[in-house]
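Here is the structure we will look at, set down as structure tokens.
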Amino acid sequence: MASPEEPAAALSRLLQGYRVTQAIHVAATLGIADLLADGPRTADELAAETGTHAPTLARLLRALASLGVLAEGDNGRFATTPVGDCLRSGEPGSLADFAAFVGRPYHWEAWSALVQSVRTGENAFRLVHGRDVWSYRAERPEEAALFDRVMATLSAAATEAVLAAYDFGRFGRLVDVGGGTGTLLAGVLAAHPALEGVLFDQPHVVARAPAVLAEAGVADRCRIEPGSFFDGVPAGADAYVLRSIVHDWGDAEAVAILRACRAAMADEGVVLVIERELGGPNEKPDAKLSDLNMLVGPGGRERSRDEYAALFGAAGLRLARVVPTVAGADVLEASPA
């Protein structure tokens with residue numbers, strides 16, 4: 001049985017997390033895992049492929065090998081491990097785009113203002129960049145495209161769990177509110193051939209959706225509507241899905257979004273909010289750290305079940321049931337109050 005970690009050692013390990021993030025980010029940016037797909041290679045060979053300084057690249061690779069992301073052989077050749085394989089692009093469940101995103105300077109710089117957020121309650125991203133994260137990315141198409149790819153990857157990972165936990169077969173028409181490029185909606189429609197869908201998000205986001213829907217073979221059953229959920233959402237559907245949307249916003253904006261759905265839905269319809277709950281004291285670190293990420297980035301927050309129930313009530317809805325999924329998020333189903 002392993003001996004417990006000394007408190008100072010445990011804290012030191014946590015403090016060095018930023019180093020690990022940046023090291024993995026660089027490997028993802030350089031495409032190291034893709035270059036190792038056919039087998040081990042030396043730092044010199046990888047440097048020639050990536051246009052990097054070989055001795056310095058070797059320092060990065062050996063650090064990643066010490067963390068279990070890569071494996072360093074006695075012959076100076078490096079290979080991926082099962083952990084490192086998750087950085088291969090284009091693979092199911094790949095975290096390559098996520099690793100590239102979390103190390104981007106604009107995202108990293110916002111986290112440097114966490115102390116100001118804690119002192120003032122203000123959004124760190126706006127403090128650093130002078131505008132909200134949505135405006136910032138809208139002005140920088142390359143950053144917006146990377147973020148959309150990350151959201152699509154995370155949505156694909158969550159879709160299977162959501163489909164296994166919740167029955168969408170009872171609906172005739174489904175609106176995915178803030179549905180990005182349509183990954184979740186495409187999965188739901190593919191699983192339920194009688195269902196029709198509407199993908200609703202900002203114009204520059206849904207512009208990339210047709211290819212996703214076509215690849216899933218559901219484009220003929222899905223209408224794409226561009227717009228802002230603060231101006232209203234498409235009317236008359238049986239269900240309105242909001243996955244990882246409500247947590248992006250403060251309470252006033254969250255209620256406004258839910259009210260828009262309530263105004264548009266059929267009387268017997270439902271609103272399905274897919275989010276992770278905060279959990280109780282001393283548990284769910286992923287949820288608690290995601291809550292800080294909402295504070296730093298979009299300016300929202302993660303919430304408890306009671307807090308979601310209060311949001312629903314303020315929007316003319318009532319929390320009917322909560323359906324857990326194996327992915328850690330829950331489907332919170334709300335019906336008209």
Side-chain angles (χ1 to χ4, degrees), residues 14 17 93 95 98 102 111 114 117-118 121 123-124 133 150-168 174-180 183-185 187-188 229 239-262 265 269-337:
L14 294 172
L95 294 174
F98 182 66
V102 295
W111 272 93
L114 177 60
S117 283
V118 172
N123 172 232
V133 68
V150 171
M151 292 300 100
T153 299
L154 298 179
S155 184
T159 297
E160 184 176 348
V162 171
L163 286 172
Y166 190 89
D167 180 18
F168 291 88
L174 177 76
V175 177
D176 193 349
V177 179
T183 302
L184 172 64
L185 183 57
V188 174
F229 39 55
Y240 289 79
V241 176
L242 301 102
R243 180 191 170 273
S244 296
I245 299 298
V246 177
H247 76 166
D248 285 339
W249 302 94
D251 289 352
E253 294 87 354
V255 169
I257 296 167
L258 293 171
R259 280 178 177 162
C261 295
R262 174 65 185 94
M265 66 193 286
V270 298
V271 174
L272 306 175
V273 170
I274 304 174
E275 299 280 8
R276 68 180 86 196
E277 292 185 75
L278 270 175
N282 308 310
E283 66 175 17
K284 291 195 173 182
D286 287 347
K288 303 303 201 295
L289 290 172
S290 180
D291 183 46
L292 289 183
N293 192 51
M294 294 303 104
L295 169 67
V296 168
R301 63 190 307 143
E302 302 294 356
R303 296 175 172 89
S304 67
R305 183 179 302 195
D306 288 344
E307 287 171 329
Y308 276 112
L311 291 183
F312 289 138
L317 299 161
R318 64 175 182 85
L319 178 60
R321 60 176 176 145
V322 178
V323 180
T325 76
V326 296
D330 296 328
V331 182
L332 295 100
E333 181 185 293
S335 56

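The CZ atom of R243 lies 6.5 Å from the CG atom of L154; values are rounded to the nearest 0.5 Å. To the nearest 0.5 Å, atom NZ of residue K284 and atom CD of residue E302 are 10.5 Å apart. To the nearest 0.5 Å, atoms CG (D330) and OG1 (T325) are separated by 6.5 Å. In this structure, CG on L332 lies 11.0 Å from CG on L242, to the nearest 0.5 angstrom. To the nearest 0.5 angstrom, I257 atom CD1 is 6.0 Å from W249 atom CH2. Here CG of L174 is found 9.5 Å from OH of Y240. Values are rounded to the nearest 0.5 Å.
Side-chain contact between M265 and V271: present, with at least one pair of heavy atoms (C-beta onward) separated by less than 4.5 Å.
Other residues, nucleotides and ligands contribute over 12 non-hydrogen atoms within 6.0 Å of the CG atom of D167. Annotation: E253, atom CD; neighbour count of heavy atoms from other residues, nucleotides and ligands within 6.0 Å is above 12.
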Please determine whether side-chain contact (heavy atoms from CB on, under 4.5 Å) holds for the pair L278 and D291, giving the CA-CA distance in whole Å, both sets of side-chain angles, and the decisive distance to 0.1 Å. CA-CA 8 Å; L278 270 175; D291 183 46; 4.1 Å; yes

Show the numbers, then the answer: is there a side-chain contact (heavy atoms from CB on, under 4.5 Å) between R301 and L295? CA-CA 6 Å; R301 63 190 307 143; L295 169 67; over 6 Å; no

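Between the side chain of S117 and the backbone N or O of A124 there is at least one donor-acceptor pair closer than 3.5 Å.
The minimum heavy-atom distance linking T183 with A152 is given by the pair OG1-CB, 3.4 Å.
If you run side-chain contact (heavy atoms from CB on, under 4.5 Å) between V255 and each of L317, L311, V246, only L311 comes through. Screening V322, L319, V273 against Y308 for a side-chain contact (heavy atoms from CB on, under 4.5 Å) leaves a single residue, V273. Among the candidates I274, V241, V323, the single residue satisfying the side-chain contact (heavy atoms from CB on, under 4.5 Å) test with V162 is I274.
The salt bridge (Lys or Arg N to Asp or Glu O under 4.0 Å) search around R259 returns none, not counting sequence neighbours.
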